[in-house]
Amino acid sequence: MSYDHKAIDAKWQKRWEDAGLFNAKDDDAREKFYLLVEFPYPSGAGLHVGHPRSYTALDTIARKKRMEGKNVLFPMGWDAFGLPAENYAIKTGNHPATFTQTNIDTFRRQLKSMGFSFDWSREFSTTDPAYYKWTQWMFLQFFKAGLAYKAEVAINWCPKDKCGLANEEVIGGACERCGTPVEKRLKSQWMIAITKYADRLIDDLATVDYLPKIKKQQEDWIGRSEGAEIDFALCHPSSHIVISSAARDLIDGVPPIVGMTEKITVFTTRPDTIFGVTYVVLAPEHPLVASLTTDEQRESVDAYVAASTKKTDIERGDDTKEKTGVFTGSFVTNPANGEKVPVWVADYVLGHYGTGAVMAVPQHDERDCAFAEKFGLPIVDAPLLSFDEAVTKTGGKKTVQYKLRDWVFSRQRYWGEPIPLVDCGACGWVAVSDADLPVELPNVEKYEPTDDGESPLATIDSFVNTKCPQCGGDAKRETDTMPNWAGSSWYFLRYIDPKNDTAFASKELLKQWMPVDLYNGGMEHTTLHLLYSRFWNKFLFDQGLVPTSEPYARRHSHGLIMSDDGTKMSKSKGNVVNPDDIVGEHGADTFRVYILFMGPFEEPVPWSSNGVIGVRRFLDRVMRMEELVKSEKRPEGVPSEVEGAQVKSPEVIRALHKMIAKVTKDIDGFSFNTAVAAMMIFVNEVYVAGSIDKNSLATFVKVFAPFAPHVANELWEKLCMDGFAEAQPWPVADASLAADDELNIAVQVNGKLRGTVTVPADIDEATLIATAKESPTVAKYLVSEPTRTIVVKGRMVNFVL
RNA sequence: GCCGGGAUGGUGGAGUUGGUAUACACGGGAGACUUAAGAUCUUCUUCCCGAAAGGGAUCGUGGGUUCGAGUCCCACUCCCGGCACCA
């Protein structure tokens, strides 16, 4: 017999919704628990089986937490700005909002069909003007605090998407979305000074409970290294050294040089190797390159710099290729020993890191060594100083450098939040006043970026031309939009107070609900969304707008669901599993339990259609347990007046309490696969016993409810119990009822298993040893008296001869 | 190259602070029920030898520590992820 999943799924989903069972309560004496899953981008393809892995796991936790008496906030919404909707709009001419709305409706229907206990009353989309009003408002707080600034920078440019990319969106030198190699392009962009928070973003990791690999990845991405800046004076400062301000601005991260420069400042983490310096290298972008180049060398240096700037990051980053470079003709003095060393230009030195100049120590650095060998530069074996000695001797200063760069916040696209700033000839960049927020996206005829790489908003005169909020004069709006990471950087705050139109959320409610107690998401967001949102929250905290410095108390992460052949599911390969098919054919609970059972939550696991069928069989078995209540045979000696259904089997009771203990522990430890196995073992025990009393079955149903809520409630109702299964308190295991009265003890001779003995659980050691010795399979190996006997309580006896 | 994480039956995976390796499930075999199929139930299923009793081997490879190692240590091979000329 197979249960009717379609009827049962629909019946309980409707009842939950009608009862508002999963809505979080704002004024509630119970302890709060805020669970968060990454809200999806509602793509046209619909929900992928990968999405629900995270949702199912946290839904199970949410349901258990409610049963444990917590006031649970478990919301869902839509991260809906982004390129796919825009590309669709470009192709079809339809507004991306229409497409997005259709997709949201599909996603919502799919999520509801799985019975997730989201609080749908708090749903919103980042594309709602009532939401992005506050995204814009927050951007203005960055702007007013001086953390948002416009800069002419060499940005990562994707020629296919015609769009600038943040450092974090470039994977191996290629566009994260389309894989096109990114180019460098000089562009005026809005930046946010995330680097100002670099130290806190690292140091505060000590205050949160993240998986170690997540912490590590964030630390490495921020890439703090401690070293020193050391000046190398020019040997022949000449009057032709003039630094144009334009040249200085070319370099991101290099502070403007004041006055005449007669030195090169390098950054090194190894000042102790200063005596081994045999040359100094400037990045091709370094502002001193032009002025340091002598007339004899000018032609070759100019050609080299021109060639380097044309290279993509992939070409330049290829460290397997031979090093290239060229001599400038100038020399500097080693401040430690007065030695004269040549200055070279080479693109293995990066313009954006440190000072864009390095002291080369071929003896201690592989790259310097390769370069020195290629160009015949000396390699000297010199004595080492201590770090501090070296800094003092060279007159250098200790500094810290980061790999993290400021966040490029401008996108030249349509489907994003407009940056709410206007450019006034008289006042410069001015914030749109709060009363005029949101700056809504205007309708455009063409959604494509312009050929010179401007946002399509630039073509809408009625949008662009405006008045300055400060002086009232003619001004022009910024036409760039925000990256799609903007809306997701603070969405966890909006769930707390989603309808508020006077603030992004009320302070009282923020204080009540923050921080997020448990946040689960993909590892791929560790250096993007997770870092951005931590930074964003820290900034709001500094502004006194949110109550906690860290947004997420705990961060966990799930593995990918792979195709059954172990490769990634992809549309092009046609091996994508549609959750609708599984839910339609086997029901929501089969889908949920399979997702949890298929493998360890943190690991990637292949999808198996057979595994799904196995889970469905299990659910059918669970549903049929009800028959075992009615058909129980009364054991010998039990008086007839005891109601048959209430006769308790000690084996079942013991199995029940073992199962409760195991499942409780496993949910808390994210071991959902073994929790499911524990419930299967219990059900198997019940079938072996051939009967179960009603109370025990009801207890099982409560434990089962967070995993398979539809089947659990149906069974709950069949047992004539009142209310919802998930409205019951979470069962507590009784250790005394779970304890075995007899134990199987392994008996070893010289560490080799030679037999087992079954003994009473409370046996004393001497009796146990005696029993073990007499065991027939063991006795024959005991050719002499043991020199040593090792007893592990409740487990084994080992005789050492 | 550097930094993480892995490697357990035909398959996905369990394996406590070092203490009966292979739980649970899939797949497969045999049987019951059925006109039959499916479903369900019973049962076997790490490998090798053996009719069985039993014995031997086994957690990527090779060493080590220990009464005892999947688990700890050393070296190596392969796989997955992250970073990648960051001085």
Side-chain angles (χ1 to χ4, degrees), chain A residues 1-2 171-173 212-214 216-221 223-225 227 266-271 273 281 283 313 316-321 323 346-350 352-361 364-368 370-371 401-405 523-524 526-527 559-560 562 564 566 594 597-600 602-615 617-618 620-621 624 665 671 673-681 683-684 687 744-757 777 786-801:
Chain A
M1 260 290 286
S2 195
I171 308 294
K213 63 177 173 182
I214 299 177
K216 181 85 176 44
Q217 212 168 301
Q218 288 216 343
E219 273 171 26
D220 289 350
W221 185 262
R224 177 159 65 189
S225 42
V266 303
F267 172 73
T268 178
T269 54
R270 295 293 308 276
T273 63
V281 194
D313 269 9
R316 198 166 154 179
D318 185 358
D319 56 358
T320 60
K321 270 205 304 219
K323 300 259 181 294
D347 66 7
Y348 81 88
V349 173
L350 306 173
H352 59 73
Y353 183 77
T355 59
V358 303
M359 58 180 225
V361 187
H364 289 280
D365 185 281
E366 258 181 64
R367 299 151 302 177
D368 295 346
F371 190 83
Q401 291 290 335
Y402 305 92
K403 289 184 195 173
L404 183 71
R405 287 188 250 168
M523 279 306 288
E524 71 275 18
T526 304
T527 54
L560 241 48
M562 316 296 278
D564 52 5
Y594 175 65
F597 184 57
M598 65 195 298
E602 283 166 53
E603 303 296 322
V605 268
W607 183 267
S608 155
S609 315
N610 280 329
V612 175
I613 292 166
V615 167
R617 281 208 278 263
F618 168 59
D620 283 330
R621 263 163 86 79
R624 284 197 310 271
K665 184 165 151 258
S671 297
N673 53 333
T674 52
V676 173
M679 293 186 291
M680 287 172 167
I681 291 169
V683 172
N684 290 344
Y687 276 89
N744 267 328
I745 305 290
V747 185
Q748 297 179 346
V749 178
N750 286 335
K752 261 192 171 312
L753 181 70
R754 294 303 179 188
T756 60
V757 288
T777 52
T787 52
R788 208 174 140 193
T789 303
I790 294 151
V791 178
V792 179
K793 205 168 178 302
R795 292 203 169 269
M796 53 135 316
V797 178
N798 184 16
F799 298 110
V800 184
L801 303 187

Legend entry - Among B/A14, B/G12, B/G4, the one nearest A/Lys213 by side-chain distance: B/G4

Legend entry - Test side chain to side chain contact (heavy atoms under 4.5 Å, CB included) applied to A/Met359 and A/Asp368, A/Val266, A/Asp365, the passing residue: A/Val266

Inset, instruction - Tell me which nucleotide among B/U20, B/C67, B/G13 gets nearest to the side chain of A/Asn798. - result: B/C67

Inset, instruction - Pick base, sugar-phosphate or nothing for A/Val676, based on heavy-atom distances below 4.0 Å to the nucleic acid. - result: nothing

Legend entry - Integer angstrom distance from the C1' of B/A21 to that of B/U77: 24 Å

Inset, instruction - Choose from B/U40, B/C67, B/A87 the nucleotide whose nearest atom is closest to any side-chain atom of A/Val358. - result: B/A87

Inset, instruction - Take the protein atom CZ of A/Phe267 and the nucleotide atom C1' of B/C85, then report the distance between them rounded to whole Å. - result: 15 Å

Inset, instruction - Answer yes or no: does a side-chain N or O of A/Ser225 lie under 4.0 Å from OP1 or OP2 of B/A87? - result: yes

Inset, instruction - Scan A/Gln217 against the nucleic acid and name what it touches under 4.0 Å (heavy atoms): base, sugar-phosphate only, or nothing. - result: sugar-phosphate

Inset, instruction - Could you check A/Asp365 against A/Ser608 and say which one's nearest nucleotide on RNA chain B is further toward the 5' end? - result: A/Ser608

Inset, instruction - Would you indicate which nucleotide in B/A87, B/G13, B/A25 comes nearest to any side-chain atom of A/Tyr353? - result: B/A87

Legend entry - Side chain proximity check, A/Arg754 to A/Phe799, heavy atoms < 4.5 angstrom: no

Legend entry - OP1 or OP2 of B/A25 under 4.0 Å from side-chain N/O of A/Asn684: yes

Legend entry - Interatomic distance at P, B/A37 relative to B/C47, whole Å: 28 Å

Inset, instruction - Measure from CD1 on A/Ile681 to C1' on B/A14 and round the result to the nearest Å. - result: 9 Å

Inset, instruction - Just call it for A/Phe597: base, sugar-phosphate, or nothing, with non-hydrogen atoms closer than 4.0 Å on any strand. - result: base

Inset, instruction - Using the C1' atoms only, state how far B/G10 lies from B/U22, rounded to an integer number of Å. - result: 14 Å

Legend entry - Rounded distance in Å between the C1' positions of B/G12 and B/G31: 28 Å

Legend entry - Whole angstrom value for the distance that separates C1' of B/C85 from NZ of A/Lys403: 11 Å

Side chains of residues 605-615 of chain A: which donor-acceptor pairs under 3.5 Å do they make with residues two or more places apart or in other chains?
residue, atom, partner, partner atom, Å
A/Ser608, OG, A/Asn610, N, 3.4
A/Ser608, OG, A/Gly611, N, 2.9

Legend entry - Pair A/Asn798-A/Arg788, side-chain donor/acceptor within less than 3.5 Å: no

Inset, instruction - Look at the side-chain N and O atoms of A/Arg754 and state whether any lies under 4.0 Å from the OP1 or OP2 oxygen of B/C67. - result: no

Inset, instruction - Choose from B/A23, B/U20, B/G19 the nucleotide whose nearest atom is closest to any side-chain atom of A/Ala746. - result: B/U20

Legend entry - Over 12 non-hydrogen atoms of neighbours within 6.0 angstrom of CD in A/Glu524: yes

Inset, instruction - Under a 3.5 Å limit for both distances, which nucleotide forms a Watson-Crick or G-U wobble pair with B/U17, could you say? - result: none

Inset, instruction - Would you mind checking if A/Arg624 and A/Asp620 are paired as a salt bridge, meaning a charged N to carboxylate O distance below 4.0 Å? - result: no

Legend entry - A/Arg795 (side chain) and B/U16 (base): donor-acceptor pair under 3.5 Å: yes

Inset, instruction - State, with a plain yes or no, whether a side-chain heavy atom of A/Asn750 is found less than 4.5 Å away from one of A/Val800. - result: yes

Inset, instruction - Assign B/G9 to syn or anti; the rule is syn for a glycosidic angle within 90° of 0 and anti otherwise. - result: syn

Inset, instruction - Find which nucleotide of RNA chain B each of A/Glu366 and A/Gly614 is nearest to by heavy atoms, and output the residue with the more 5' nucleotide. - result: A/Glu366

Legend entry - Any A/Arg270 side-chain nitrogen or oxygen under 4.0 Å from OP1 or OP2 of B/A87: no

Inset, instruction - Using Watson-Crick or G-U wobble geometry with both distances below 3.5 Å, tell me the partner of B/U66, or none. - result: none

Legend entry - Nearest-neighbour nucleotide for the A/Asp220 side chain, B/A14, B/C85, B/C3 considered: B/C3

Inset, instruction - Take the protein atom CE of A/Met680 and the nucleotide atom C1' of B/C26, then report the distance between them rounded to whole Å. - result: 10 Å

Inset, instruction - Would you please confirm or rule out a distance under 4.0 Å between OP1 or OP2 of B/A69 and any side-chain N or O of A/Lys752? - result: no

Inset, instruction - Ignoring the backbone of A/Arg617, work out which of B/C85, B/C67, B/U40 is nearest its side chain. - result: B/U40

Inset, instruction - Mind checking A/Pro212 for me? I need base, sugar-phosphate or nothing, with any heavy atom below 4.0 Å counting as a touch. - result: nothing

Inset, instruction - For B/U40, give its Watson-Crick or G-U wobble partner with both distances under 3.5 Å, or none. - result: B/A32

Inset, instruction - Would you please confirm or rule out a distance under 4.0 Å between OP1 or OP2 of B/G27 and any side-chain N or O of A/Asn610? - result: yes

Inset, instruction - Go ahead and name the base partner of B/U58; Watson-Crick or wobble counts if both distances stay under 3.5 Å, otherwise write none. - result: none

Inset, instruction - Rounded off to whole Å, could you give me the CE-to-P distance for the A/Met562 and B/C79 pair? - result: 15 Å

Inset, instruction - Classify the nucleic acid contact of A/Met796 as base, sugar-phosphate or nothing, counting any heavy atom under 4.0 Å across all strands shown. - result: base

Legend entry - Complementary nucleotide of B/A7, counting Watson-Crick and G-U pairs under 3.5 Å: B/U77

Inset, instruction - In whole angstrom, give the distance that lies between atom NZ of A/Lys665 and atom P of B/A14. - result: 13 Å

Inset, instruction - In whole angstrom, give me the gap between the P atoms of B/G5 and B/C85. - result: 23 Å

Inset, instruction - Determine: side-chain N/O of A/Tyr687 to OP1/OP2 of B/C41, distance under 4.0 Å, yes or no. - result: no

Legend entry - P atoms of B/G81 and B/G68, separation to the nearest Å: 40 Å

Legend entry - Strand partner of B/C2, provided both Watson-Crick or wobble distances fall under 3.5 Å: B/G82

Inset, instruction - Using the P atoms only, state how far B/G29 lies from B/G6, rounded to an integer number of Å. - result: 37 Å

Legend entry - Under 3.5 Å donor-acceptor, A/Tyr348 side chain and A/Phe371 backbone: no

Inset, instruction - Give a yes or no on whether the backbone of A/Gly227 and the side-chain of A/Thr269 come within a donor-acceptor separation of less than 3.5 Å. - result: no

Legend entry - Length of the CG-C1' vector between A/Leu753 and B/A57, whole Å: 14 Å

Inset, instruction - Consider the side chain of A/Thr674, meaning its heavy atoms from C-beta on, and name the nucleotide among B/U20, B/G15, B/A87 that approaches it most closely. - result: B/G15

Legend entry - Side chain A/Thr526, main chain A/Ile214, donor-acceptor under 3.5 Å: no

Legend entry - Proximal nucleotide (of B/A84, B/A21, B/A14) relative to the A/Trp221 side chain: B/A84

Inset, instruction - Could you tell me whether the side chain of A/Lys216 has a donor or acceptor atom within less than 3.5 Å of a complementary atom in the base of B/C3? - result: no

Inset, instruction - Rounded to whole angstrom, note down the C1' distance from B/C3 over to B/U20. - result: 39 Å

Legend entry - Whole angstrom value for the distance that separates P of B/A69 from CG of A/Asn750: 12 Å

Legend entry - Short side-chain N/O contact from A/Arg621 to OP1 or OP2 of B/A39, under 4.0 Å: no

Legend entry - OP1 or OP2 of B/C24 under 4.0 Å from side-chain N/O of A/Asn673: no

